[in-house]
Structure formats: structure tokens, C-alpha cells
Amino acid sequence: MFKQDEQFAHELDQQDELKHFKNEFYINDNHIYMDGNSLGLMSKRAEQSLHNVTEAWKNYAIGGWMSGDHPWFYLSEDLGKRIAPLVGGKPEEVIVTGSTTTNLHQLVSSFYQPEEGRTKILADELNFPSDIYALQSQLKLHGYDPDEHLVRVKSRDGRTIEEDDIIAAMTDDVALVILPTVLYRSGQLLNIEKLTKAAHERGIPIGFDGCHSVGVIPHNFHNAGVDFAYWCHYKYVNSGPGGVAGLFVHEKHFGKTPGLTGWFGSDKEKQFDMEHTFTPAEDAGAYQIGTPHVLSVAPLIGSLELFEEAGIENIREKSLHKTGYLMYLVEEFLGDYGFTIGNPKEDERRGGHVCLEHDEAASICKALKDYDVTPDFRSPNVIRLAPVAFYVTYHDVYRTVQILKEIMENKIYKKYKNERDVIA
Ligand SMILES: Cc1ncc(COP(=O)(O)O)c(C=O)c1O
Ligand SMILES: Nc1c(O)cccc1C(=O)C[C@H](N)C(=O)O
């Protein structure tokens with residue numbers, strides 16, 4: 001269904017009904033940005049909404065909490081409602097707050113309730129380090145040895161985790177399951193419905209890290225019955241470095257007091273009563289802790305407009321097609337150069353990036369940067385390439401593969417050290 005020639009790439013671009021979105025983003029003409037899976041590009045809408053919030057601060061000062069187009073007091077809830085369609089949550093099940101890691105701490109503090117004989121947390125050995133560190137420290141806070149109580153499902157191939165292996169590890173001593181939706185390195189998409197059903201059949205609550213899927217894949221957290229989820233917005237949702245994260249708590253858990261409490265988790269009508277008895281919000285808002293980071297959330301106001309205009313189903317369709325095209329070109333043009341495609345190839349098992357493995361991955365990434373292509377390296381041998389639907393064209397994908405071919409054919413990568421820089 002794909003063709004090898006450059007003209008074909010141009011034809012695909014002409015037919016791309018999302019192509020006009022590229023003009024919404026800041027990117028130099030000749031630059032190819034394949035790293036939206038780590039930090040999304042700045043959009044003009046995000047820049048504008050950030051500016052609007054600084055203007056509100058200028059004009060209203062403390063009045064900004066209740067005045068202006070986006071009163072800050074309700075902003076986290078308002079944005080949660082707008083994120084809800086991206087994660088398949090009800091509007092009141094989603095709140096924009098914290099960071100991925102702090103939200104995980106909050107949710108584990110709330111949902112990990114060990115009891116006699118059921119004390120373990122189940123994760124996987126390919127999980128993102130920050131999640132593992134959080135789980136280890138939570139276990140320690142409960143007086144458990146993480147080496148014994150944090151179970152990490154093994155990968156059979158070093159890239160992916162078999163759902164059946166995860167389910168087999170959901171034994172009677174497991175009190176909580178934490179998994180990624182999409183694995184950060186290989187890009188494997190786990191079957192969220194299947195895993196949630198299996199966990200619940202065994203009486204175990206389950207939560208998902210959606211960092212690598214929110215903004216690129218539609219979700220179904222509510223209908224799947226997922227207990228909770230957490231994710232960042234600075235990758236595929238383009239909210240800027242350190243942008244405020246999000247979390248989902250299924251409505252079946254409403255009414256419980258979160259493990260970590262703070263005044264911004266209060267019922268909004270009660271918050272300024274300043275009582276020493278905490279009255280939690282009745283929805284996911286209860287999981288907030290302190291004052292929202294208004295300046296770090298501001299870009300999301302504008303960025304979300306693009307998702308509302310494009311539709312997440314269309315974004316997923318285009319992302320699958322572009323990653324499919326990239327894999328096709330890799331196989332056609334790079335077959336002789338020692339690359340392995342490390343992500344699952346089936347559409348229902350892969351996320352928004354292609355994982356290329358190569359022994360010289362670090363030096364190849366450095367060479368790509370000198371050709372004005374931004375890839376993403378994960379030690380020891382992974383090149384992640386994300387042809388983001390909004391701003392990477394088919395022709396960009398074509399050019400990236402041609403540049404890779406040139407780097408390999410002419411051994412240009414040999415000019416660079418095959419080791420990572422400070423930030424990968
Ligand atoms: C899967 C995953 N989990 C957690 C994190 C940590 O997020 P943060 O540093 O925003 O807490 C990241 C990215 O940094 C990630 O990719
Ligand atoms: N959060 C990051 C940062 O502060 C600096 C550099 C990279 C990141 C990332 O988000 C990395 C990303 N989570 C990953 O999947 O590797």
C-alpha cells in the first residue's frame with residue numbers, strides 16, 4: 001500500500017486532512033522534529049494562552065483567581081473536563097494537576113491498601129524508572145522491602161511484556177497493579193481492557209501510566225473500569241516543559257479521602273472556610289494537593305483547542321499511518337544496515353513512536369542532529385522516532401529515512417562517540 005518514491009510522500013501529504021495543523025506550530029522550515037514523544041513542540045495557541053495568563057496576572061493580580069476568561073480557581077477542573085475525551089473519562093473523573101511522578105505518589109498513597117497476605121505491588125521490568133522509584137519508596141513508607149514486595153513482570157524479549165505473563169503474576173498476594181499504557185522504550189501498547197478485567201477478577205485495583213499514549217491514542221478508561229491513571233501533557237499534548245500533568249480516578253471511587261490531602265483537594269465551596277477538618281471534593285478534584293501551577297498549566301488552554309479541532313480518532317489514524325509508512329521505509333531502505341524494528345508491528349499493539357534498535361544508536365542520533373533531524377535516544381541501543389500527526393509530514397518521514405541511509409552508507413555515524421550525552 002506504500003510506495004518507495006519521494007513523489008508518493010508528497011502525494012500522501014497532499015491528501016493529509018490534518019496537514020494545515022503544521023502551521024500552528026513553531027518549527028524551522030528544514031527541521032524535522034521526531035521527538036514529540038519526549039517534548040512536544042510549542043504551538044501558537046499554547047503561546048497565546050500562556051501570554052493571556054500572564055496578562056491576567058498583570059491586570060487582575062489576586063483577582064485572577066476568579067476573574068478573566070479562565071479564572072485560576074477553576075482552571076484545573078475546567079481543563080480536566082477538556083482532557084476527559086482524550087482519556088475516555090467522564091468530565092468529573094479527570095483533573096489537571098501535579099506531575100506524573102507526584103500523581104503516582106498520590107494515587108499509590110490512595111489505592112495501595114496492603115493487608116495480611118496481600119502486600120505486593122505488581123509492575124513490569126521495562127517500566128519507566130521514575131515510576132519504579134516511586135513504588136519502591138511507597139513500599140518503604142509502609143515498612144516493606146521493595147526487593148521482595150515490588151514484583152516486576154519479566155520481558156521475554158527485552159522489548160515487550162506479554163499480557164498473559166502479567167495476568168499470571170496477578171497472584172493472591174498482589175495489592176495493586178501499576179502498568180504503562182504504552183512502554184516508553186519499545187512503544188508497545190498494552191491491552192488495557194484485558195488487563196483491567198483480569199485484575200478485577202482477582203480483586204486487585206489497577207492503575208495506568210498514560211505518558212506515552214495520552215494525546216496520540218484514544219482511551220477508554222471509564223468504560224474499561226480502570227481504577228486510576230496518570231500522565232504528563234508535555235509530550236503528545238504539547239503543553240511545554242514541566243507542564244502540569246493529569247490524573248483520572250474512576251467515579252466508583254468518589255467519596256473516598258485521598259491518601260495525600262491538601263487544601264486544593266477540598267470541596268470548592270468549603271475551601272475558604274479554612275476549617276481544620278478536610279472536606280474532599282466529590283470528584284477527581286479531591287486528588288489535588290496545593291495551589292495549581294497556573295503558569296505551567298496555561299499553555300494547555302490553547303494546546304487543547306488543536307485536539308478539539310482535529311479529533312483524537314483522526315490523530316490516531318494519521319499517527320498509525322505515518323508510523324506504518326516509517327516502518328515500511330526502514331525495511332525498504334535500511335535493510336542492510338543492522339537496524340531492528342523493536343516495536344510490535346500490529347496496529348493494536350503499538351503507540352505513537354517507532355523504536356529502531358541499533359548497536360550504534362547513540363552515534364547515529366548525534367549524526368541525525370547534525371542533519372537537522374531531532375530523534376530521541378534511549379540507552380543502550382534505541383532510537384525513538386515519533387512522526388507526530390500535527391507537525392511531521394510524510395515527506396519529513398521520507399527524508400529522515402534517506403538521511404539515515406546516507407549516515408549508514410557513508411559511515412558518517414563513525415565520526416561520533418557511541419555514548420549518550422547528559423540528557424540522552
Ligand atoms: C512513562 C513515564 N512515566 C513517568 C515519567 C516521569 O514524568 P515526570 O518527570 O513528569 O514526573 C515519564 C517521563 O519523564 C514517562 O515517560
Ligand atoms: N521529562 C523529561 C525531562 O525533564 C528531560 C528530558 C526528557 C524527559 C522525558 O520526558 C523523557 C521521557 N519521559 C521518556 O520517555 O524517556
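Indexing begins at 1, ligand by ligand and atom by atom, following the structure's order. In this chain, numbering begins with 1 at the start of the sequence shown.
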TODO: Would you mind checking which non-hydrogen protein atom is closest to atom 1 (N) of ligand 2, with the distance to 0.1 Å?
DONE: Tyr234 OH, 3.1 Å
Open item on the list: I need the nearest protein heavy-atom contact for atom 12 (C) of ligand 1: residue, atom name and distance, please.
Closed with: Phe128 CE2, 3.4 Å
TODO: If you have a sec, work out which protein heavy atom is nearest atom 9 (O) of ligand 1 and how many Å separate them, to one decimal?
DONE: Tyr234 OH, 3.6 Å
Task: Exceeds 12 heavy-atom contacts within 6.0 angstrom, atom NZ of Lys44 - done: yes
Task: Protein contact to atom 6 (C) of ligand 2 [nearest heavy atom, distance to 0.1 Å] - done: Ile423 CG2, 3.8 Å
Open item on the list: Can you tell me if Tyr26 has over 12 outside heavy atoms packed within less than 6.0 Å of its OH?
Closed with: yes
Open item on the list: Quick check on contacts: which atoms of ligand 1 are under 4.0 angstrom from a heavy atom of Lys235?
Closed with: 13 (C), 16 (O)
Open item on the list: Distance under 4.0 Å to a non-hydrogen atom of Thr101: what atoms of ligand 1 satisfy this?
Closed with: 6 (C), 7 (O), 8 (P), 11 (O)
Task: Ligand-residue contact atoms, ligand 2 with Phe128, heavy atoms, under 4.0 Å - done: 13 (N), 14 (C), 15 (O), 16 (O)
TODO: Starting from atom 16 (O) of ligand 1, find the nearest protein heavy-atom neighbour and note its residue, name and distance.
DONE: His212 NE2, 2.9 Å
Task: Interatomic spacing from CD in Glu282 to CD in Glu92 - rounded to 0.5 Å - done: 10.5 Å
- [ ] Report yes if the side chains of Tyr337 and Glu360 come closer than 4.5 Å at any heavy-atom pair, otherwise no.
- [x] no
Task: Region of Cys232 that comes within reach of ligand 1 [heavy atoms, distance under 4.0 Å] - done: neither
- [ ] Provide, to 0.1 Å, the distance between atom 7 (C) of ligand 2 and the closest protein heavy atom, together with that atom's residue and name.
- [x] Ser38 OG, 3.9 Å
Task: Atom indices of ligand 1 within 4.0 angstrom of Ser99 heavy atoms, with elements - done: 11 (O)
TODO: Check each heavy atom of Asp209 against ligand 1 and say whether those closer than 4.0 Å belong to the side chain, the backbone, both or neither.
DONE: side chain
Open item on the list: Need the ligand 2 atom indices (1-based, order shown) with element for anything under 4.0 Å from a heavy-atom of Arg384.
Closed with: 14 (C), 15 (O), 16 (O)
Open item on the list: Tell me whether the rings of Phe390 and Phe21 are parallel (<30°), tilted (30 to 60°) or perpendicular (>60°).
Closed with: tilted
TODO: Indicate, with yes or no, if the rings of Phe2 and His321 have centres closer together than 6.0 Å.
DONE: yes
- [ ] Count the heavy atoms belonging to other residues, nucleotides or ligands that lie under 6.0 Å from CH2 of Trp57, then report whether that count exceeds 12.
- [x] no
Open item on the list: Using a 6.0 Å distance limit plus a 45 degree cone around the ring axis, check whether Lys366 lies over the aromatic ring of Tyr413.
Closed with: no
Task: Protein heavy atom at shortest distance from atom 4 (C) of ligand 1 - done: Asp131 OD1, 3.1 Å
TODO: With atom 12 (C) of ligand 2 as the reference point, say which of Arg185, His212, Lys235 has the nearest heavy atom.
DONE: Lys235
TODO: Flag the pair His253 / Phe111 as yes when their ring centroid distance falls below 6.0 Å, and as no otherwise.
DONE: yes
Task: Asp359, CG atom: more than 12 neighbouring heavy atoms under 6.0 Å - done: no
Open item on the list: Does the protein place a non-hydrogen atom closer than 4.0 angstrom to atom 15 (O) of ligand 2?
Closed with: yes
